[in-house]
Amino acid sequence: MKKLIGITVFLVLLYGALLAADPNANWTYNHINLGERIGLYGIVGLGAGLLIITGGIDLSIGAVAGLSATLLAMLLVDYQWPPPLAILTVLGMGCLIGLINGLIVTKLRLQAFIVTLCGLFIYRGLARWIAADEEKGLGQGFAEWKYALYESRDVFGLPMFLVIFLPLALAAAVFLHFSIYGRYFYAIGSNERAARYSGIATDRYKILAYVICAGMASLYAVLYLLKYNSAKPSGTGEFLELYAIAAAVLGGCSLRGGEGTIYGIFIGTCILWILPMLTNMWGISSQLQFIVIGIALLLGAILDETLRRREKV
């Protein structure tokens, strides 16, 4: 609880500093841009956070997103698939990748770090191979889909990406905090052996976490392609796994597992994207944004460890 209060206060201070940085700024545009980023990256943050709570990790999130975006563009343009069928196929592929990752981790007992690191290379290489390492785009087509999912802001004036993210976050909160299955996630992350001895099907729920994480990466890819209109097999989704993990950790998820909340992941995502916007308004070079994010993440980790040690005393 102290951690959640602390990051909430930090977010409020950051937001206040953002408003004070440039009173003459176009805040309507800035808030829409911020809302889009929070919604888009919050989706993968949810997937990564749920997986981290179970004690897992996925370093292939960005590669899965790159493969999914590339494949979707090819299905829609090169093969003329109907958009609903193409989108469902890509989402299904993402879930299948998560299933494969989960099965290897649970059944072969390999470290998740190694499995998903290998997946990072495999899925990125597969994207480059199927596209012949060429950029794939939608051109001028699918205008109605682009308008509905990106340009339209008819739901309380909010960006559609945020409108999509909020119900997902609500569903994840109900699952994690108000269902017995969410308690299983916490139990597995806290002590997997004890959870197994207590009768929990630990492998099944760990696999579910990997499926959710990879599925969210594919959903991100669908929204990304409709926003940016093209995908680069070698670049789309690059560093995405780092943003997702950083948002979860900033929001209070412990990489040891067994800790974290959906609210915290949301706050962590907000902090992650307010920081770069604030540095821009302060005139700090964009090349230094990664340094600012890295320092914030390091301070969050230090705070987490400090609070943990005090609780043990």
Side-chain angles (χ1 to χ4, degrees), residues 1 3-4 6-8 10-11 37-62 64-65 94-95 97-98 101-102 105 112-113 116 161-162 164-179 181-190 192 205-221 223 237 239-275 293 296-297 300-301 303-304 307-308:
M1 181 58 70
K3 189 184 300 184
L4 289 178
I7 61 174
T8 302
F10 182 54
L11 174 63
R37 291 191 176 189
I38 291 172
L40 188 59
Y41 288 89
I43 290 172
V44 287
L46 283 178
L50 289 171
L51 180 57
I52 289 171
I53 288 172
T54 66
I57 194 77
D58 191 345
L59 301 181
S60 65
I61 293 174
V64 172
C95 293
I97 289 174
N101 288 339
V105 170
F113 182 92
T116 57
F161 290 166
L162 191 59
I164 293 171
F165 165 71
L166 291 177
L168 289 175
L170 179 61
V174 171
F175 170 82
L176 188 63
H177 304 302
F178 300 100
S179 75
Y181 308 109
R183 292 181 213 159
Y184 291 166
F185 272 39
Y186 283 111
I188 293 169
S190 298
E192 184 177 348
Y205 292 104
K206 288 180 69 175
I207 291 172
L208 175 61
Y210 280 99
V211 170
I212 292 173
C213 185
M216 291 293 192
S218 289
L219 177 58
Y220 165 93
L223 299 177
F239 296 126
L240 182 61
E241 59 278 345
L242 302 184
Y243 284 115
I245 294 170
V249 173
L250 279 174
C253 292
S254 173
L255 290 174
R256 296 183 179 89
E259 293 183 22
T261 63
I262 300 302
Y263 171 76
I265 295 170
F266 171 71
I267 295 295
T269 305
C270 292
I271 292 173
L272 193 63
W273 289 108
I274 286 179
L275 280 172
I293 293 173
L297 189 59
L303 177 62
D304 176 63
L307 291 175
R308 186 187 301 275

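We number each residue from 1, following the sequence as shown. All heavy atoms count here, side chains included; hydrogens, waters and symmetry mates do not.
Across Leu219, Leu170, Leu46, a single residue satisfies side chain to side chain contact (heavy atoms under 4.5 Å, CB included) together with Phe165, and that is Leu46. None of Leu59, Leu240, Leu51, Asp58 except one satisfies the side chain to side chain contact (heavy atoms under 4.5 Å, CB included) rule with Ile245; the exception is Leu59.
In terms of the side-chain hydrogen bond (donor to acceptor under 3.5 Å, both in side chains) criterion, Thr116 has no residue partners (sequence neighbours excluded). Checked against side-chain hydrogen bond (donor to acceptor under 3.5 Å, both in side chains), Thr54 has no partners two or more places apart in sequence or in another chain. Applying the ring-ring contact (aromatic ring centres under 6.0 Å, His included) criterion to Tyr243, with sequence neighbours excluded, gives Tyr41, Trp273. For Leu40, the side-chain contact (heavy atoms from CB on, under 4.5 Å) test picks out Phe161, Tyr220, Leu223, with sequence neighbours left out. The side-chain contact (heavy atoms from CB on, under 4.5 Å) test applied to Leu250 returns Ile271, Leu272, Leu297, not counting sequence neighbours.
The CZ atom of Phe10 lies 5.5 Å from the CG atom of Leu275; values are rounded to the nearest 0.5 Å. Taking CD1 of Ile52 as the start and SG of Cys213 as the end, the distance is 8.0 Å to the nearest 0.5 Å. Put simply, CD1 on Ile61 and OG on Ser218 are 11.0 Å apart, with the number rounded to the nearest 0.5 Å. If you take CG on Leu208 and OH on Tyr184, they are separated by 13.0 Å, rounding to the nearest 0.5 Å. The CZ atom of Phe178 lies 10.5 Å from the CZ atom of Arg183; values are rounded to the nearest 0.5 Å. Between Glu259 atom CD and Tyr186 atom OH the span is 9.5 Å, to the nearest 0.5 Å.
Between Val64 and Ala214, the closest heavy-atom pair is CG1-O, 4.0 Å. Nearest heavy-atom pair across Gly45 and Ala248 is O-CB, 4.5 Å. In terms of heavy atoms, Ala112 sits closest to Val105 at CA-CG2, 3.9 Å. Closest heavy-atom contact between Ile188 and Lys206: CG2-CG, 3.8 Å. Tyr181 and Phe175 make their closest contact through CB-CE1, 3.6 Å (heavy atoms, listed as atom of the first residue, atom of the second, distance). Nearest heavy-atom pair across Cys253 and Gly260 is SG-CA, 3.8 Å.
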Ignoring hydrogens and angles, write down the donor-acceptor pairs under 3.5 Å from the side chains of residues 262-269, residues two or more places apart or on other chains.
residue	atom	partner	partner atom	Å
Tyr263	OH	Thr8	OG1	2.8
Thr269	OG1	Ile265	O	2.8

